[in-house]
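To start, the structure under review is shown below, and the notes come after it.
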Amino acid sequence: MTDYTAVAERYIAAWNERDAEARAKAVAELWTEDGGYTDPLAAVTGHDGIAAVIAGAQEMFPGFVFTLGGPVDGHHDTARFTWHLGPEGAEGAAEPVVIGFDVVALAEDGRIRNVYGFLDKVPA
């Protein structure tokens, strides 16, 4: 049985990893080699593309961190969860600047095959 919450926590940790080498390692461990990431702003395949999207988000929102926005739900090879992006150290204390919802498709080995992201709240 898949621990969907553990997958989501590792996913969030990869998005928060600021060290490029450690982030690349986290992405490689979490996604399949041909894994993908798609949201309204990006559509990439492969570890390098995914790591670059994460780096771009970090550059766009310096000093901000991703957190889970609630419980993780999953069945079969699919999980879904809400995430928040806000100032570091203010987790839960301040209204998130960005709120998103991701659907994660898992491969048989438990790694991420694809992520489909949606943005529910973005800065004006």
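All heavy atoms count here, side chains included; hydrogens, waters and symmetry mates do not.
- Here the shortest heavy-atom pairing between G100 and D120 reads C-OD2, 3.8 Å.
- In this structure, T45 has no side chain to side chain contact (heavy atoms under 4.5 Å, CB included) partners at least two apart in sequence or on a different chain.
- Nearest approach of P40 to G117, heavy atoms of both residues: CD-O, 3.5 Å.
- For K121, the side chain to side chain contact (heavy atoms under 4.5 Å, CB included) partners are E95, I99, not counting sequence neighbours.
- In terms of the side-chain hydrogen bond (donor to acceptor under 3.5 Å, both in side chains) criterion, residue partners of D102 (sequence neighbours excluded) are, by chain and number, Y11, W83.
- Taking 4.0 Å as the cut-off between side-chain N and carboxylate O, E21 and K25 do not count as a salt-bridged pair.
- The two residues F64 and R18 make their nearest non-hydrogen contact at O-NH2, 3.2 Å.
- Residues passing the salt bridge (charged side-chain N to carboxylate O under 4.0 Å, His left out) test with E9: none are found, sequence neighbours excluded.
- Scanning for side-chain hydrogen bond (donor to acceptor under 3.5 Å, both in side chains) contacts around D19 gives an empty result, with sequence neighbours left out.
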Donor-acceptor contacts under 3.5 Å from residues 46-61 side chains, at least two apart:
from	atom 1	to	atom 2	distance (Å)
H47	NE2	W31	O	3.0
H47	NE2	T32	O	3.0
Q58	OE1	R23	NH1	3.0
Q58	NE2	W15	O	2.8
Q58	NE2	E17	O	2.8

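- Residue pairs meeting the salt bridge (charged side-chain N to carboxylate O under 4.0 Å, His left out) criterion with at least one member in residues 64-76, sequence neighbours excluded, are D73-R80.
- With sequence neighbours excluded, no residue forms a salt bridge (charged side-chain N to carboxylate O under 4.0 Å, His left out) with R10.
- A 4.5 Å side-chain heavy-atom check between Y4 and V104 finds every atom pair outside the cut-off.
- Rounding to the nearest 0.5 angstrom, the gap separating the CG atom in L106 from the CD1 atom in I112 is 6.5 Å.
- The side-chain hydrogen bond (donor to acceptor under 3.5 Å, both in side chains) test applied to E33 returns R111, not counting sequence neighbours.
- Sorted by first then second residue, the ring-ring contact (aromatic ring centres under 6.0 Å, His included) pairs that include residues 100-124, not counting sequence neighbours, number zero.
- Of the candidates V65, V98, T67, V97, T67 is the only one forming a side chain to side chain contact (heavy atoms under 4.5 Å, CB included) with H84.
- Residues N114 and G35 share a closest heavy-atom pair of OD1-C, 4.4 Å.
- In this structure D77 satisfies the salt bridge (charged side-chain N to carboxylate O under 4.0 Å, His left out) test together with R113, sequence neighbours excluded.
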